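Contents: one structure, followed by commentary.
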Amino acid sequence: MEGTVDFTAWNKSVFAAAAKVFLCFLFSEMRDKLRKWRDENNRNSEQIVDVGEELINDYASKLGDDIWIIYEQVMIAALDLSRDNLAMQCLHELRKQFPGSHRVKRLTGMRFESLERYDDANKMYDGILQEDPTNTAARKRKIAILKALGKTTEAIRELNEYLEQFVGDQEAWHELAELYINEHDYAKAAFCLEELMMTNPHNHLYCQHYAEVKYTQGGLENLEISRKYFSQALKLNNRNMRALFGLYMSASHTASNPKANAKIKKDNMRYATWAALQINKAYQLAGRGKKESKNSLKVVEDMLEALQITQS
């Protein structure tokens, strides 16, 4: 009939337009998630593969130049999950686009590492370093192989030599600290963390980690240093529960140390009491409206009571 509207055709058109908008939104959301994880250096491999695999399979043509960094990101995540087929898919595309690239060669070496073909990986990294002796990524991969093979002493030696040339590499200092901790060489681990704090004094995690090492070293002086740095970590991030527990533990042990004088004991009892109150408050707030909150709070209270400070 003249003048009537074909609602079926209209509905199909509206549906198609809505579907197109939704797909555009989905594409943008997935792309932005991967970018956010890259910017934050998050290695949440399962999520990256879930999002990235769909993105490169269904939307590769829309990604422009972003596709290459996404291939790299997805490949590394795929290696973490032993998804060699997906890793090879990404590597194949990168090789086609960047033949002879040191970055792509390094990714090839990382694939060899995931397959425990360490000799092949080392040959790949040696080739890169022969062409570019300043390639820090290849040198660090060779150190990672030593660590994977359980050759900790050699890994420590190589990292020390590396840091003589690249003293500002914070990742390397952190890795060296971890290796020293694994070897129970806490004094050298503390030195590495001091280097990190000098270059980044506002990083609460470095302060916390340093405090944990000093706490592990033990002794009155180290315990007092530990308490100060747990306090600094809390000052930088007042939601750092690990630092709050550390403050309680270091203060309580300092207060009960027989070598501590009366003033030190009194001060640290006050610090420990304050930390215990903050811990209880935090668990009460976290447990509001949850059935298990009473049980969780009881566990915390029992733990704090077990470590109760008595003045001697």
Side-chain angles (χ1 to χ4, degrees), residues 22-129 131-132 135-152 155 158-159 169-172 174-175 178-179 182:
F22 174 75
L23 289 173
C24 286
F25 171 77
L26 187 64
F27 159 74
S28 298
E29 186 180 32
M30 290 191 294
R31 183 194 57 196
D32 292 346
K33 273 184 179 179
L34 288 179
R35 183 183 292 124
K36 182 174 185 286
W37 291 331
R38 284 197 306 275
D39 292 343
E40 295 176 354
N41 202 26
N42 283 339
R43 198 154 171 170
N44 45 338
S45 301
E46 288 188 14
Q47 291 174 288
I48 289 171
V49 164
D50 284 345
V51 174
E53 188 172 17
E54 183 178 351
L55 201 58
I56 62 178
N57 286 336
D58 297 342
Y59 301 98
S61 61
K62 294 184 176 182
L63 287 164
D65 287 339
D66 282 353
I67 186 64
W68 310 117
I69 191 68
I70 290 172
Y71 274 134
E72 181 179 12
Q73 184 181 12
V74 173
M75 179 187 168
I76 292 170
L79 292 177
D80 287 344
L81 301 177
S82 301
R83 289 280 307 278
D84 189 57
N85 58 335
L86 177 59
M88 274 305 299
Q89 176 189 342
C90 297
L91 185 58
H92 176 69
E93 296 296 332
L94 289 165
R95 280 175 176 166
K96 281 198 304 182
Q97 181 68 16
F98 307 104
S101 161
H102 286 168
R103 190 159 175 165
V104 175
K105 287 179 180 178
R106 175 174 56 83
L107 291 170
T108 304
M110 290 172 67
R111 177 175 174 264
F112 287 146
E113 287 182 64
S114 74
L115 299 172
E116 298 186 359
R117 292 167 56 184
Y118 297 120
D119 289 341
D120 291 331
N122 266 322
K123 286 176 186 175
M124 186 65 65
Y125 301 140
D126 287 340
I128 295 171
L129 290 167
E131 295 175 11
D132 177 15
N135 192 300
T136 58
R139 285 190 67 173
K140 287 198 276 189
R141 290 317 313 166
K142 286 177 68 68
I143 293 167
I145 290 174
L146 290 173
K147 186 179 173 184
L149 293 171
K151 297 180 179 180
T152 306
E158 290 293 326
L159 257 179
D169 191 326
Q170 294 187 36
E171 183 184 35
H174 195 269
E175 181 62 31
E178 291 296 330
L179 288 173
N182 291 339

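Predicted, not measured: the structure shown is a model, and the values here were computed from it. Below, each value reflects all heavy atoms present in this structure, side chains not excepted, and no hydrogens, waters or symmetry copies.
- Taking every heavy atom of both residues into account, A148 and Y118 meet most closely at CB-OH, 3.8 Å.
- In this structure the side chain of I69 never reaches within 4.5 angstrom of the side chain of R35, judged on heavy atoms.
- One distance of note links CG of D126 with CG of D119; it measures 10.5 Å at 0.5 Å rounding.
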Run the numbers on I48 and L81 for side-chain contact (heavy atoms from CB on, under 4.5 Å), then give the verdict. CA-CA 11 Å; I48 289 171; L81 301 177; over 6 Å; no
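- Shown here for A121 and E113, the closest heavy-atom pair between the two residues is CB-CG, 3.8 Å.
- Other residues, nucleotides and ligands place no more than 12 heavy atoms under 6.0 Å from the CD atom of E46.
- Taking all atoms of both residues into account, the shortest heavy-atom contact from I76 to R43 is CG2-NH2, 3.6 Å.
- The CD1 atom of I145 sits 10.5 Å away from atom CE of M110, with the distance rounded to the nearest 0.5 Å.
- For the pair N44 (side chain) and Q47 (backbone), a donor-acceptor distance under 3.5 Å is absent.
- In this structure, Q89 and I56 have side chains that are in contact, with non-hydrogen atoms separated by less than 4.5 Å.
- For CG of D32, the number of neighbouring non-hydrogen atoms (other residues, nucleotides, ligands) closer than 6.0 Å is greater than 12.
- Applying the side chain to side chain donor-acceptor pair (under 3.5 Å) criterion to S114, with sequence neighbours excluded, gives no partner residue.
- In this structure, R117 CZ and N122 CG are separated by 13.0 Å, a value rounded to the nearest 0.5 Å.
- In N85, the CG atom is crowded: over 12 heavy atoms of neighbouring residues, nucleotides or ligands sit closer than 6.0 Å.
- Taking OH of Y71 as the start and CG of L107 as the end, the distance is 14.0 Å to the nearest 0.5 Å.
- Within 6.0 Å of CD in E171 there are 12 or fewer heavy atoms belonging to other residues, nucleotides or ligands.
- For the residue pair R106 and A138, the shortest heavy atom distance occurs at CD-N, 4.5 Å.
- Of all heavy-atom pairs spanning L179 and A155, the tightest one is CD1-CB, 4.1 Å.
- Within the model, atoms OG1 of T152 and CD of E178 stand 12.5 Å from one another, a figure rounded to the nearest 0.5 Å.
- E131 CD to K105 NZ: the interatomic distance, rounded to the nearest 0.5 Å, is 4.0 Å.
- A salt bridge (charged side-chain N to carboxylate O under 4.0 Å, His left out) with R111 is found for exactly one of D80, D120, D84, namely D84.
- A salt bridge between E175 and K140 is absent, with no side-chain N of the basic residue lying under 4.0 Å from a carboxylate O of the acidic one.
- In summary, of the residues considered (M30, K62, K33), a side-chain contact (heavy atoms from CB on, under 4.5 Å) with L55 occurs for M30 alone.
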Distance-only check: which donor-acceptor pairs under 3.5 Å involve side-chain atoms of residues 90-97, not counting sequence neighbours?
residue : atom : partner : partner atom : Å
R95     : NH2  : T108    : OG1          : 3.4

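- In this structure, D66 does not pair ionically with R31, as no charged nitrogen and carboxylate oxygen lie closer than 4.0 Å.
- Between E158 and K142, none of the side-chain N atoms (NZ, or NE/NH1/NH2) sits under 4.0 Å from a carboxylate O, so this pair counts as no salt bridge.
- Residues M124 and F112 share a closest heavy-atom pair of CE-CE1, 3.9 Å.
- We find that K36 and D39 are not joined by a salt bridge, their nearest charged nitrogen and carboxylate oxygen being 4.0 Å or further apart.
- Remark: E54 pairs with no residue by the side chain to side chain donor-acceptor pair (under 3.5 Å) rule, at least two apart or across chains.
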